> 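My questions all concern the structure below.
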Amino acid sequence: ALPALESMRGAGAGLVAWGTVALAALRQPRGQATLVTGMALQPTLGGLALVVTAAAGEHPFAEWFVWVNAVVLLAAAAFIWLGRIDGRGILRGRGE
């Protein structure tokens with residue numbers, strides 16, 4: 001298999017795990033602050049890494065492909081961070 005496809009498989013497995021954990025947090029949000037913070041860090045750091053990679057030109061893909069992925073990851077990170085901030089009381093186990 002091509003190296004690019006191997007990295008896609010790894011990313012896909014990570015997304016499946018991430019989605020499963022997100023569903024668990026949605027079902028029972030109380031006390032999940034650390035989990036949600038960790039989930040927000042993944043797309044934040046991933047998006048920043050893609051920005052650096054795209055800016056340095058160190059990728060085997062088309063330029064637009066890397067930038068689109070970076071923007072999507074950073075948008076997802078912003079959405080998760082906003083949800084984390086908005087629901088901080090429930091996530092820490094306090095109140096509704």
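Please read these numbers as outputs of a predicted model, since none were measured by experiment. These values consider heavy atoms only, across backbone and side chains, with no hydrogens, waters or symmetry-generated copies.
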> Minimum heavy-atom separation for Leu73 to Gly46, with atom names?
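That closest heavy-atom pairing would be CD1-C, 3.8 Å.
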> Is a donor on one side and an acceptor on the other found under 3.5 Å between the side chain of Asp86 and the backbone of Leu82?
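Side chain of Asp86 to backbone of Leu82, a donor-acceptor pair under 3.5 Å: no, none is there.
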> Looking only at heavy atoms, what is the nearest atom pair of Gly47 and Ala70, with distance?
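Taking every non-hydrogen atom into account, O-CB, 4.0 Å.
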> Just how far is it from atom CH2 of Trp81 to atom OG1 of Thr37, taken to the nearest 0.5 Å?
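It is 5.5 Å, given to the nearest 0.5 Å.
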> Side-chain heavy atoms nearer than 4.5 Å, only ILVMFWY residues, links allowed to pass through others: does that put Trp64 and Val66 together?
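In one cluster: yes.
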> Shared ILVMFWY cluster between Leu41 and Leu48, side chains joined below 4.5 angstrom?
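No, it is not one cluster - the side chains of Leu41 and Leu48 are not joined through contacts under 4.5 Å.
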> Working to the nearest 0.5 Å, report the span between CG of Leu45 and CG of Leu50.
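Between Leu45 CG and Leu50 CG, I get 11.5 Å after rounding to 0.5 Å.
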> Report the residues that fulfil side chain to side chain donor-acceptor pair (under 3.5 Å) with Thr53, sequence neighbours left out, ordered by chain and then residue number.
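Listed in chain order: nothing, the list is empty.
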> Of all the heavy-atom pairs spanning Thr44 and Ala77, show the shortest one and how long it is.
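Shortest heavy-atom separation between Thr44 and Ala77 comes out as OG1-CB, 3.2 Å.
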> Would you name the heavy atoms of Ile80 and Ala40 that are closest together and state the gap between them?
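Heavy atoms of Ile80 and Ala40 come nearest at CG2-CB, 3.5 Å.
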> Specify the closest pair of heavy atoms between Met39 and Ala22, including all atoms of both residues, with the distance to one decimal.
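Taking Met39 first and Ala22 second, the nearest heavy atoms are CE-CB, 3.4 Å.
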> Find the distance between CZ (Arg84) and CG (Leu35) and round it off to the nearest 0.5 Å.
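Rounded to the nearest 0.5 Å, the CZ-CG separation comes to 10.0 Å.
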